[in-house]
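FYI, side chains are in, hydrogens and waters are out, and symmetry mates aren't considered; it's all heavy atoms of this structure. Note that the coordinates shown come from a computational prediction; the quantities given were computed from them, not determined experimentally.
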Amino acid sequence: QVQLVESGGGLVQPGGSLRLSCAASGRIFGVSAMGWYRQAPGKQRELVAHITNGDNTNYADSVKGRFTISRDNAKMTVYLEMNSLKPEDTAVYYCNANLRTGWAFGPVGEYWGQGTQVTVSS
């Protein structure tokens, strides 16, 4: 079974830092783009950061200069380093990845993690 498993969320004070991780597992034969999204209560899910398999990145304007996305292809893992956290960063953070599954020329599908809660509060 192919899945994405996130970790690293929690409660942090304003100005603090957290590092999220998301590992892909299962019968995977290729990983292309990976990203992080978030959804705050009463709001739509939004893109936070995105990284291609060529390590090109892009970020939401609200997190530029504070968050850094990176990946370890050997571990099929994507990370989100979050610094200078603000209360408005509070949300459930979801990992997203495009994965080739089944066999070497199998289909590429979009997968989502289960989400991890990040709460920024004093």
Shortest non-hydrogen contact from [X] to [Y]?
X	Y	value
A24	L4	CB-CD2, 3.5 Å
A40	A91	N-CB, 3.8 Å
I28	M76	CG2-SD, 3.7 Å
S122	P14	N-CD, 3.7 Å
V48	V63	O-CG2, 3.6 Å
L80	A49	CD1-CB, 4.1 Å

What pairs of residues pass the ring pair (Phe, Tyr, Trp, His ring centres under 6.0 Å) test when at least one of them lies in residues 23-80, not counting sequence neighbours? Y37-W112
Which residue pairs pass the disulfide bond (SG atoms under 2.5 Å apart) test with at least one member in residues 5-122, sequence neighbours excluded? C22-C95
Disulfide bond (SG atoms under 2.5 Å apart) pairs, two or more places apart, involving residues 58-88: none
So if you build clusters from Ile, Leu, Val, Met, Phe, Trp, Tyr with side-chain heavy-atom gaps below 4.5 Å, do L47 and V92 land together? yes
Y94: what forms a ring pair (Phe, Tyr, Trp, His ring centres under 6.0 Å) with it, not counting sequence neighbours? none
Residues in side chain to side chain donor-acceptor pair (under 3.5 Å) contact with [X], at least two apart in sequence or another chain:
X	result
S32	none
N56	none
R71	N73
K43	none

Using atom types as modelled, flag every donor-acceptor pair under 3.5 Å from a side chain in residues 98-106 to any protein atom, sequence neighbours excluded.
{"from": "R100", "atom 1": "NH1", "to": "G106", "atom 2": "O", "distance (Å)": "2.7"}

Mind jotting down which residue pairs meet the salt bridge (charged side-chain N to carboxylate O under 4.0 Å, His left out) criterion with at least one end in residues 101-122? Sequence neighbours excluded, please. none
Can you tell me how far CD of Q39 sits from CD of E46, rounded to the nearest 0.5 angstrom? 9.5 Å
Are the side chain of E6 and the backbone of G115 linked by a donor-acceptor contact shorter than 3.5 Å? yes
D61: salt bridge (charged side-chain N to carboxylate O under 4.0 Å, His left out) partners, not counting sequence neighbours: K64
For residues 81-93, which residue pairs pass the side chain to side chain donor-acceptor pair (under 3.5 Å) check, not counting sequence neighbours? S17-N83, R38-D89, R38-Y93, R66-D89
Run the side chain to side chain contact (heavy atoms under 4.5 Å, CB included) check on N53 and V31 step by step: do they pass? CA-CA 7 Å; N53 54 5; V31 183; over 6 Å; no
Evaluate the side-chain proximity of S7 to T116: yes if any heavy-atom separation is below 4.5 Å, no if none is. no
